[in-house]
Student: 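What follows is a structure written as C-alpha cells; I'll ask about it next.
Just so it is clear, the structure is predicted and the values come from calculations on it, not from any experiment. Letters A, B, ... are given to chains in the order of the sequence lines, protein chains preceding strands, and every chain is numbered from 1.
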Number of protein chains: 2
Amino acid sequence: MGRTGEAKPTINDVARLSGVSKKTVSRVINRSPLLNDATREKVEAVIAQLGYVPNPQARALALRRNFVLGMIYDNPNAQMVLNFQEGVLDAIRDSEYALVIHPVDRHSPTLFDNIRRFIEQQRLSGVMILPPLSENDAFAALFDELGCNYVRMGSAELADPAHLVQSNDREGVREAVECLIAEGHRRIGLVEGPEGFRSAYERHQGWREALEAQGLPCDASLIARGSYTFETGKEAGAALLDRDDPPTAIFASNDVMAAGVVHVARERGLDVPRDLSVIGFDDTAIAATIWPPLTTVRWPIRTMARSAARKLIHPEAANREQSRFPTEFVPRASTSRPAQG
Amino acid sequence: MGRTGEAKPTINDVARLSGVSKKTVSRVINRSPLLNDATREKVEAVIAQLGYVPNPQARALALRRNFVLGMIYDNPNAQMVLNFQEGVLDAIRDSEYALVIHPVDRHSPTLFDNIRRFIEQQRLSGVMILPPLSENDAFAALFDELGCNYVRMGSAELADPAHLVQSNDREGVREAVECLIAEGHRRIGLVEGPEGFRSAYERHQGWREALEAQGLPCDASLIARGSYTFETGKEAGAALLDRDDPPTAIFASNDVMAAGVVHVARERGLDVPRDLSVIGFDDTAIAATIWPPLTTVRWPIRTMARSAARKLIHPEAANREQSRFPTEFVPRASTSRPAQG
DNA sequence: TTGTAAGCGTTATCAC
DNA sequence: GTGATAACGCTTACAA
C-alpha cells in the first residue's frame, strides 16, 4: 500500500472494489447522513485496505474552494511570528486545512502586487495578516476586492469582529505603569515603538493615561523612539538616561527594546532594578532569558492566532468566535522601588 | 477586473475572447516554443485585460503534481525555524511554488501517522525536514515509501547530497575552542546538547578534538548536558561552576544555553568574561542581545534553506546544488584571557 | 438510500 | 502551429 511508483488509489478504485458508485464513496468521505450503515462500513473497509486519501486538488477544483489558509507578515520579532504560526496550527490540526506562509518586505515598492499575486495564485480560503501590515486599511480593501476572506491582527479596533483579533495593549500598559507608580516611581520614561505602528501608539497611550491619572509628568523629555529592535532600544535607553534628570523607571514598548535598555543601563554602571526599573511588552522568550528576568506584559499571540484561524474556517460563526484578548501583567525581577524613594 | 462576487476568468474565457482554443492558451501560459508570435501576443493581451490567473488546483490535478513545498520541524529555537522559512521563501519567490509548514511534537506517539497524513493529504512536491527530526532515518524511509521527494537538514552527513544540506558544526566548534585555548584557557567546559541530537554529538566532538589536540583534559567533570533551552543551560552551567576546580571557559552547544550559563555565572557573582569566558553556537538574535554580547559560531541556516528548496524545485539538478555549508566564528565580548592566566 | 450525467479548470494525445 | 477530445479526481444536480 502506497509504495514508490505505485499510483495512488482514487475514488474510482474504492468504488470498484466496494461495488458501489463513486458518488456513494464521496458520501462516505463527506459523512453524508443519508447512508446505509452497511454500505458505509463496506466502503470504509475498502478505504482502509487501500490506504485511500482523497485528492485535495480535485476536491478544491470541484468545490471551487481551497482548504488553505495564508499568513502574511513582516515582523522583526521571530518569536511572535512563530507563536502565531503555532496558534494557527493548533486550530487546523486534524483538519484538511494547510497553512501557507508569506513573509514580505513592507518597504518593498512591489508589496501590493506581491500580495495580490499571492492571493490570486493560491486561491486561499482566507488569509491572516499581522501587524504592522494589518493596520493598513488598503490591504483589507485589497482582500475584499479579491474576494478573499481575511482576519487582521491588531492592538486595537481595526475592523468588525469577523475580520479581527485584537488585544488591549493600552490597558495592559496602563496597568504595568500603574505598578511602577505604586512602587514610588515619579519619573517614568517611555521607549516607544516606530511611527505608523498602531501597537506603538496604543502602548504610548497606556503609559500616558497611567501618568496623567496621577498628575505625573509625561513630557517629551521622557520619550524616546525605537523601532522594536535591540539596537534602537539601546539608543533610546541611552537618550533617556543621558538626560539631566533621568527617569527611575522605563517602560519599553517591546521586550527586545527593553533588553536594549537593560543593556545600556549596565554599560553606564547602573544596576537593574536597583538604579533603574524596566518593563517590557510581549513576554517572548527573551524576557525570561536576560538578566535580570524582565517584568513584562504578556501578549496572547497564540490564542489570538487560534481564533483568527477559526474565524476563517467557520466564516458563518466568525462573529461568535472571540475577538478581544486581554493582555496579562507578568512581574519578574526588573522592577523595584526607586533608590531615592 | 476581479471584483468581489465576480467569478474569476478561466482559460475558456481567455480562449473565447482571443478566438483561439484553450489548448493554445495553455501553450501561451506554459511558454511552449512552437507558437506563432502573433497568436501569443494576442492571447497575452487578453490575459492581461482579463487579469486571468491560472488555477493551480486544476493545474495540479491535470499534471498530477502539486507546486507546494512542505517544511516539517520541531525545534525549540524560533529564530532558527524562521530563518529557515525565509531561506525557503527566498528560493520560491517569483515562482508558482508555495510553502506549507508543519510543526510537530517529536515526543508524540502519533508523530509518524501525523507526518504520513500531512504528506499524503497535501501531495507535496517535496518536503524539508529540520533537526532533530531530520536525523531519524525512519522519516527518510517514510518519504521514500510515500514517493515524496525530501531534503534533510543536518549537522553532519545524513544522506546523499541530493537529499541533504549540511553544516560542519564539528569544525566550527573546534575552531572556536581553539581560540579559547590560544587565549590561555586550560580548563574548558562543555554544555552539550540533548542525547540523540546529531548536532549535539558533532559539537561535542569539535570541543573534544580541540582539547585533545593540545593534550588538555576533557573528562566527564567538564561536561554537563542540557536540552537546548535556557533553563537547562542554567542548570548545566551551575553544575560546572559548582565543581571544585571550575572551568575558566565554557562552550555551550547553542546560544540559548550559553545565555543560561552567563545568567548563572552572574548569579554567582562572576563577571563574564573576566571570570568566565563563554561561547555559544547559532548566532541567533539572542547572541547580540544579551550582556555581554556573545561570542558564537554562526550557523548559515538561511543559505542552507535556500539550497534545500532549490534541490526540491529542480530535482534533476539537486546534486549540483550546494550541500555543505561552512559555519563562521563570530567573536564578540564574552571571552577574554583567563583571570589567573 | 443509491446511481447517472455533467462539470470544475487545466493539460496530454493526436489529429489536421 | 493549432484544435478537438479525453483525461485528471472529485462534487453537485437530478433521477431512480
Student: Would you say the side-chain atoms of A:Asn114 and A:His102 include a donor-acceptor pair closer than 3.5 Å?
Tutor: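 Side-chain D/A pair, A:Asn114 to A:His102: present.
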
Student: Can you tell me if the side-chain N/O atoms of A:Thr24 get under 4.0 Å from OP1 or OP2 in C:dG3?
Tutor: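 True: A:Thr24 side-chain N/O within range (under 4.0 Å) of C:dG3 OP1/OP2.
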
Student: Can you give me the bend angle of the helix from C:dT1-D:dA16 to C:dC16-D:dG1? Use the axis through the first five pairs and the one through the last five, nearest 10 degrees.
Tutor: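 Roughly 30°, once rounded to the nearest ten degrees.
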
Student: Any N/O pairs under 3.5 Å between the protein and nucleotides 9-12 of chain C? List them or say none.
Tutor:
{"from": "C:dT10", "atom 1": "OP1", "to": "B:Tyr52", "atom 2": "OH", "distance (Å)": "2.6"}
{"from": "C:dT10", "atom 1": "OP1", "to": "B:Asn55", "atom 2": "N", "distance (Å)": "2.8"}
{"from": "C:dT10", "atom 1": "OP2", "to": "B:Ile11", "atom 2": "N", "distance (Å)": "2.4"}
{"from": "C:dT10", "atom 1": "OP2", "to": "B:Tyr52", "atom 2": "OH", "distance (Å)": "3.3"}
{"from": "C:dT10", "atom 1": "O4", "to": "B:Lys22", "atom 2": "NZ", "distance (Å)": "2.8"}
{"from": "C:dT11", "atom 1": "OP1", "to": "B:Asn30", "atom 2": "OD1", "distance (Å)": "3.4"}
{"from": "C:dT11", "atom 1": "OP1", "to": "B:Asn30", "atom 2": "ND2", "distance (Å)": "2.9"}
{"from": "C:dT11", "atom 1": "OP1", "to": "B:Arg59", "atom 2": "NH1", "distance (Å)": "2.7"}
{"from": "C:dT11", "atom 1": "OP2", "to": "B:Ser26", "atom 2": "OG", "distance (Å)": "2.6"}
{"from": "C:dA12", "atom 1": "N7", "to": "B:Lys23", "atom 2": "NZ", "distance (Å)": "3.1"}

Student: Hey, is the main chain of B:Leu133 close enough, under 3.5 Å, to the side chain of B:Asn136 for a donor-acceptor pair?
Tutor: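 No, because the side chain of B:Asn136 does not come within donor-acceptor range (under 3.5 Å) of the backbone of B:Leu133.
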
Student: What does B:Thr39 touch in the nucleic acid at a heavy-atom separation under 4.0 angstrom: a base, only the sugar-phosphate, or nothing?
Tutor: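 Sugar-phosphate contact only.
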
Student: Regarding A:Arg64 and B:Asn55, is there a side-chain donor-to-acceptor distance under 3.5 Å anywhere?
Tutor: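 The criterion, which ignores hydrogens and geometry beyond distance, is not satisfied for B:Asn55 and A:Arg64.
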
Student: Using 0.5 Å steps for rounding, measure from the CE atom of A:Met80 to the CZ atom of A:Arg302.
Tutor: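 Spacing of CE (A:Met80) from CZ (A:Arg302) equals 14.5 Å.
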
Student: With sequence neighbours excluded, what pairs up with B:Gln85 under the side chain to side chain contact (heavy atoms under 4.5 Å, CB included) test?
Tutor: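 Residues passing side chain to side chain contact (heavy atoms under 4.5 Å, CB included) with B:Gln85: A:Tyr73, A:Leu82, A:Gln85, A:Ile101, B:Met71, B:Tyr73, B:Val81, B:Leu82, B:Ile101.
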
Student: Going by heavy atoms in the side chains, are A:Phe118 and A:Val100 under 4.5 Å from each other?
Tutor: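 A side-chain contact under 4.5 Å exists here.
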
Student: So where does chain B start and stop touching DNA chain D, 5' to 3', when the test is distance under 4.0 Å to a non-hydrogen atom?
Tutor: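 Listing 5' to 3', DNA chain D meets chain B from D:dG1 to D:dG9.
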
Student: Can you list every side-chain hydrogen bond (donor to acceptor under 3.5 Å, both in side chains) pair that touches residues 305-315 of chain A, not counting sequence neighbours?
Tutor: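 Those involving residues 305-315 of chain A are A:Asp90-A:Arg306, A:Ser307-A:Glu321, A:Arg310-A:Glu321, A:Lys311-A:Ser323.
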
Student: Could you tell me whether the side chain of B:Arg152 and the main chain of B:Leu158 form a donor-acceptor pair under 3.5 Å?
Tutor: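 Pair found, side chain donor or acceptor close to backbone of B:Leu158.
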
Student: Is the shortest side-chain heavy-atom distance between A:Phe84 and A:Met128 below 4.5 Å?
Tutor: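 They are in contact (side-chain heavy atoms under 4.5 Å apart), so the answer is yes.
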
Student: Can you name the residues that form a ring-ring contact (aromatic ring centres under 6.0 Å, His included) with B:Phe325, not counting sequence neighbours?
Tutor: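 Result, ring-ring contact (aromatic ring centres under 6.0 Å, His included) vs B:Phe325: none returned.
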
